[in-house]
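In each ligand, atom 1 is the first atom listed, and ligand 1 is the first ligand listed.
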Amino acid sequence: MCIFCKIVNKEIPSNVILENKEFLAFHDINPKAPVHILVIPKLHIDSFNEVTGQTMKNMTGFIHDVTKELKIEKSGYRVITNVGEDGAQEVKHLHFHIVGGAKLAWSHLSDADPKGKF
Ligand code: 5GP
Ligand code: ZN
């Protein structure tokens, strides 16, 4: 069982912000911004590559609720999902990072030449 499935099953403790039947939102253990929450489906899905439109539709509403719960919906935030090797996805259970609580940087995502490929 993957680490996020263990969090869903409460085998690993987490600091939960919000949950419903389908989704769970909890604090990232290693925050990269003053607000750094992970939103996951309770049923295991490997990554964004495998998710259905219906799950994304439901997840959109849930993410809106999380941003309201955190009171960042007006100040702004970023929603990120890392996919696969180049996306630097470490945990192979679909998750959306919700980061905010301060002005975020947007300066440097890769050491490769950004004009190199296309
Ligand atoms: P990824 O790199 O896969 O997009 O992000 C995985 C995230 O999960 C990382 O930001 C990491 O800090 C977080 N993480 C990994 N293990 C745990 C854990 O056991 N508990 C919590 N709350 N976060 C975790
Ligand atoms: Zn899982």
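Residues Thr55 and Phe23 have side chains in contact (heavy-atom distance under 4.5 Å, counting atoms from C-beta outward). At least one side-chain heavy atom of Ile17 sits less than 4.5 Å from a side-chain heavy atom of His27. At a threshold of 4.5 Å between non-hydrogen side-chain atoms, the residues Ile37 and Asp28 do not count as touching. Side chains of His95 and Val91 form a contact here, defined as non-hydrogen atoms less than 4.5 Å apart. At least one side-chain heavy atom of Phe62 sits less than 4.5 Å from a side-chain heavy atom of Leu18. Using a 4.5 Å cut-off on side-chain heavy atoms (C-beta onward), His97 and Asn82 make contact. For the pair Asp46 and Phe48, the minimum side-chain heavy-atom distance is 4.5 Å or more. Side-chain atoms of Ile40 and His93, non-hydrogen and from C-beta on, do get closer than 4.5 Å to each other.
Distances from atom 18 (C) of ligand 1 to the heavy atoms of Val83, Ile7, Val99, Thr81 show the closest one on Ile7.
Those atoms of ligand 1 that come under 4.0 Å of a heavy atom in His97, given as number and element, are 1 (P), 4 (O), 5 (O), 7 (C), 10 (O). Proximity to Glu90 (heavy-atom distance under 4.0 Å) selects the following atoms of ligand 1: 1 (P), 2 (O), 3 (O). Listed by atom number, the atoms of ligand 1 under 4.0 Å from Phe4 heavy atoms are 8 (O). Near Asn82, with a cut-off below 4.0 Å to any heavy atom, the atoms of ligand 1 are 1 (P), 2 (O), 4 (O). Here is the list of ligand 1 atoms found below 4.0 Å of a heavy atom in Asn30: 12 (O).
With a 4.0 Å cut-off on non-hydrogen atoms, Asn15 does not touch ligand 1 at all. Contact annotation for Leu38 and ligand 1: only side-chain heavy atoms (C-beta onward) come within less than 4.0 Å of the ligand.
Follow the hydrophobic side-chain contacts under 4.5 Å out from Leu24 and you never reach Phe96; the two are in separate clusters. Linking Ile, Leu, Val, Met, Phe, Trp and Tyr residues whenever their side-chain heavy atoms come within less than 4.5 Å places Val83 and Val39 in a single cluster. Linking Ile, Leu, Val, Met, Phe, Trp and Tyr residues whenever their side-chain heavy atoms come within less than 4.5 Å leaves Val99 and Leu38 in two separate clusters.
Among protein heavy atoms, atom 16 (N) of ligand 1 sits closest to Ile3 CD1, 4.0 Å. Nearest to atom 14 (N) of ligand 1 among the protein's heavy atoms is Ile29 CG2, 3.9 Å. Counting only heavy atoms of the protein, atom 11 (C) of ligand 1 lies nearest to Asp28 OD1, 3.4 Å. In terms of protein heavy-atom proximity, atom 22 (N) of ligand 1 is closest to His27 O, 2.9 Å.
Ligand 1 has an N or O atom lying under 3.5 Å from an N or O atom of His95, backbone or side chain. Residue contacts with ligand 1: Ser14 is placed with no nitrogen or oxygen under 3.5 Å of a nitrogen or oxygen of the ligand (distance criterion only). Residue Gln89 places no N or O, backbone or side chain, under 3.5 Å from any N or O of ligand 1. Considering both main-chain and side-chain atoms, Val91 comes within under 3.5 Å of ligand 1 through a nitrogen or oxygen pair.
Not a single heavy atom of Ile80 sits closer than 4.0 Å to an atom of ligand 1. At least one heavy atom of Ala88 sits under 4.0 Å from some atom of ligand 1.
Contact detail for Glu22 and Asn20: the closest heavy-atom pair is N-OD1, 2.8 Å.
Listed for the His44 side chain is a donor-acceptor partner under 3.5 Å among the backbone atoms of Lys92.
Under the 30°/60° scheme for interplanar angles, the aromatic rings of Phe4 and Phe26 are found to stand perpendicular.
For the Zn ion (ligand 2), the neighbouring protein N/O/S atoms at less than 2.8 Å, given as residue and atom, are Cys2 SG, Cys5 SG, His44 ND1, His93 ND1.
Note: Ile98 CD1 to Leu70 CG = 8.5 Å, rounded to the nearest 0.5 Å.
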